[in-house]
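One structure below.
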Amino acid sequence: MAKRPVKAPRRARPKLSPPRIGSVRELRQFQRVMAEALFRPLTAGDGLQPTWSDGRTTRSVVEEFVKPNDRLTAMERVEIYARSYWFRVLDCLYDDYPGVHSIIGVKCFMKLTTAFLAECPSESFTLRNLGSRLPQFITDNPAFTAPRTALAVDMAWFEWAQVVAFDGMALPPITEDEILDAGPALKVALQPYLGIMQCSYPVDEFALALKKRDSALRGESSNAVSALKGKRAGARPRLPRREAICVAVHRQQNMLFFKRLEPEAYAILTALRAGRTLSAACVAALRNANPAIDWAARVREWFQAWQSLGWLCRRPARGRS
Amino acid sequence: MPANPFNNHTEYGIGIGLRVPHYRHILEKKPVVDWFEIISENFMVDGGRPLEILDKILEQYRVVQHGVSMYFGSADKPDREHLKRLKTLTRRTQTPWLSDHLCWGSVDGRYTHDLLPMPYTFAVARHTAAKIREVRDFLEIPICVENVSSYTEFHQSEMTEWEFLSEVVEKADCGILLDVNNIYVSSKNHSFDPYDYVTGVPHHRVGQVHIAGHTKYKKYILDTHDHPVLDPVWKLYERAIQLCGHTATLLEWDDRIPTFDEVHNEALKATKFLGETSGKSAAARAPEAVAA
């Protein structure tokens with residue numbers, strides 16, 4: 001899982017909507033203005049912000065291109081779309097990050113995700129990818145989750161790993177014979193859907209406790225308008241205490257599972273994901289390991305388990321893993 | 001029954017949308033359903049449970065793909081990654097035709113995930129039609145574009161929505177997914193006669209019809225897909241079928257989804273209208289009849 005700073009690209013500030021639309025350039029200009037109206041966070045009363053980004057009134061900007069009717073002003077008509085946009089995307093993140101909103105509370109979660117979406121609007125055709133940059137955004141903007149930032153960051157990465165494990169790519173798993181035939185120089189890849197992470201908190205246990213409380217399914221894409229979901233019923237499980245863990249998020253027969261890993265096992269898997277050979281991964285991971293332990297036997301057991309779980313696959317030709 | 005090239009000459013009846021809360025019922029009970037419509041984006045993934053479910057459905061049922069993010073009306077060019085994934089899915093489902101909306105929803109690579117109305121101008125119609133042709137040529141299957149429900153109108157528009165829809169589909173030489181609920185919702189929000197709309201589109205291009213429920217508010221109607229179909233929409237549907245002939249019909253129910261049987265029974269109410277009008281379909285579908 002690559003962790004890189006979330007940086008919003010510079011975008012041209014939209015001008016006025018053109019008075020007529022006779023070209024693709026004018027269509028783009030019109031769409032930039034309308035999109036800007038939607039992407040700006042709503043007021044506390046779920047309306048459009050009264051002032052446009054350049055200081056004009058939003059009303060005057062909107063009235064340039066939207067007609068009023070006998071019941072609604074131009075502003076009110078655009079507000080229907082603005083509310084639909086924000087309710088939809090906030091609802092999507094609420095569904096994908098139940099652990100994070102349980103940790104920081106619904107109110108803080110709404111502030112966090114509103115700020116996130118204002119800076120990082122969706123760049124994918126599918127809502128499935130909407131929250132892909134949220135874990136890094138939380139890391140880069142700790143004020144939204146303070147004083148529980150470390151736990152929120154762990155949980156956000158853990159929950160994004162679940163999205164990937166749910167429908168990520170699976171390559172043909174490598175067989176035991178292939179491993180034995182190739183020997184220690186074999187470069188093995190990990191399944192693209194497999195998430196492995198080192199956390200400061202036992203987020204897996206917290207997630208399971210939440211799941212017991214709330215067995216809501218992930219939402220699906222739809223083009224209908226729906227209201228933002230309310231707070232789920234039931235008391236929140238106790239927040240976990242700090243405890244270093246390594247954990248894998250994976251799927252078996254298309255069901256999601258979490259599996260704790262020993263630190264050395266995590267180190268081997270991380271090295272394999274980074275492209276090391278089997279032998280190099282083991283050497284690097286066990287360099288400072290306790291010599292009193294029979295690591296050869298343990299590593300054999302791990303590989304048998306990983307192979308039976310289908311986690312290992314051949315490295316694709318272009319190194320995708 | 002006349003062949004309609006815009007739904008690949010198929011004779012589909014009444015279908016319903018495939019939705020998560022019904023998966024278990026469908027896979028265990030295997031109810032008799034003519035066809036399911038899937039939201040393409042829900043299955044444009046690399047693996048896991050969504051594709052497993054889809055494959056099980058495909059073993060038993062005919063599936064038609066319906067998209068929500070192609071945005072034919074966006075100024076941006078079609079996203080190649082999106083198109084490749086969509087084509088892979090069409091190969092998997094063998095969908096006879098594919099539908100998406102006559103709308104825009106993204107600009108400069110940023111997505112609203114909404115179906116936004118377009119300014120109805122001739123230049124926009126030309127651009128939109130060119131994009132539809134490009135997508136169809138890439139996917140190599142017929143495309144039907146769906147009219148959306150809308151809540152705004154623009155000063156820049158040069159024609160009515162149905163004139164714009166007709167202009168686009170004629171220029172793109174594609175089909176129409178006529179959503180009669182959307183027509184009704186927009187007619188109330190923009191104060192036009194929905195029958196003018198249904199009468200004004202090229203009926204021989206209608207490859208599919210959508211029906212759905214909506215929610216009335218004090219000052220406008222919202223397209224919520226969370227209710228049974230209301231009477232005025234059934235009446236409009238009846239008129240549409242009289243004009244278009246027997247047409248593949250799908251009930252959309254996307255929120256507050258009731259039991260499978262409740263959704264299916266609601267959809268099957270369309271049988272009454274399809275049965276009454278199927279005999280008139282040949283005359284209604286011929287292009288000459290439209291011109292007359």
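Atoms considered below: every heavy atom in the structure, side chains included; atoms not considered: hydrogens, waters and symmetry mates. Order of the sequence lines sets the chain letters (A, B, ...), proteins ahead of strands, with each chain counted from 1.
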Short question: side chain of B/Y71, backbone of A/F125 - any donor-acceptor pair under 3.5 Å? no
Backbone N/O of A/E63 and side chain of B/H155: donor-acceptor pair under 3.5 Å: yes
Separation of B/Y111 OH from A/T126 OG1 (nearest 0.5 Å): 10.5 Å
Considering all heavy atoms of both residues, which atom of B/L222 and which atom of A/I80 are nearest to each other, and what is their separation? CD1-CG2, 4.0 Å
Do other residues, nucleotides or ligands put more than 12 heavy atoms under 6.0 Å from B/R256 CZ? no
Donor-acceptor contact below 3.5 Å, side chain A/N69 vs main chain B/N189: yes
For the backbone of B/H113 and the side chain of A/R88, can you confirm whether one donor and one acceptor N or O come within less than 3.5 Å of each other? yes
Derivation of the salt bridge (Lys or Arg N to Asp or Glu O under 4.0 Å) call for B/E153 and A/R77: CA-CA 9 Å; B/E153 299 160 287; A/R77 296 184 107 181; 3.0 Å; yes
Has B/M159 got more than 12 heavy atoms of other residues, nucleotides or ligands less than 6.0 Å from its CE? yes
Any idea which heavy atoms bring A/L27 and B/S74 closest together, and the distance? CD2-C, 4.5 Å
Note: vs chain B, highest number of non-hydrogen pairs under 4.5 angstrom among A/M34, A/Q253, A/R20 is A/M34
Largest heavy-atom contact set with chain B, pairs under 4.5 Å, which of A/S124, A/A74, A/A165: A/S124
Might you confirm whether atom CZ of B/R91 has over 12 heavy atoms from other residues, nucleotides or ligands at distances under 6.0 Å? yes
What are the two closest heavy atoms between B/V107 and A/A35, and how far apart are they? CG1-CB, 3.6 Å
Closest heavy-atom contact between A/Y81 and B/P117? OH-CD, 3.2 Å
If you look at every heavy atom in B/P119 and A/I21, which pair is closest and at what distance? CG-CD1, 3.4 Å
Restricting to non-hydrogen atoms, name the atom on B/T112 and the atom on A/Y85 that form the minimum distance, rounded to 0.1 Å. O-CD1, 3.2 Å
B/S150 versus chain A, heavy atoms under 4.5 Å apart: side chain, backbone, both or neither? both
From the list B/M44, B/R49, B/Q156, B/H127, the residue making the most non-hydrogen contacts under 4.5 Å with chain A is B/Q156
Which distance, rounded to the nearest 0.5 Å, do you find between the OH of B/Y217 and the CG of A/L72? 13.0 Å
Structural part of A/R28 lying under 4.5 Å from a heavy atom of chain B: both
For the NZ atom on B/K171, are there more than 12 heavy atoms of other groups (residues, nucleotides or ligands in this structure) within a distance under 6.0 Å? yes
Verdict with reasoning, A/E76 to B/Y220, per side-chain contact (heavy atoms from CB on, under 4.5 Å): CA-CA 11 Å; A/E76 287 170 333; B/Y220 59 94; over 6 Å; no
At what distance, to the nearest 0.5 angstrom, does CG of A/L38 lie from CZ of B/R110? 10.0 Å
CD-OG1 distance between A/E79 and B/T152, expressed to the nearest 0.5 angstrom: 12.5 Å
Measure the spacing between OH of A/Y193 and CG of B/D46 and express it to the nearest 0.5 Å. 13.0 Å
Side chains of B/T121 and A/E26: do they bring a donor and an acceptor to under 3.5 Å? no
Which label fits A/F30 and B/F154: parallel for a plane angle under 30°, tilted from 30 to 60°, or perpendicular past 60°? perpendicular
Are more than 12 heavy atoms from other residues, nucleotides or ligands located less than 6.0 Å from atom NZ of A/K67? yes
Please check if the side chain of A/Q31 supplies one atom and the backbone of B/D76 the other of a donor-acceptor pair under 3.5 Å. no
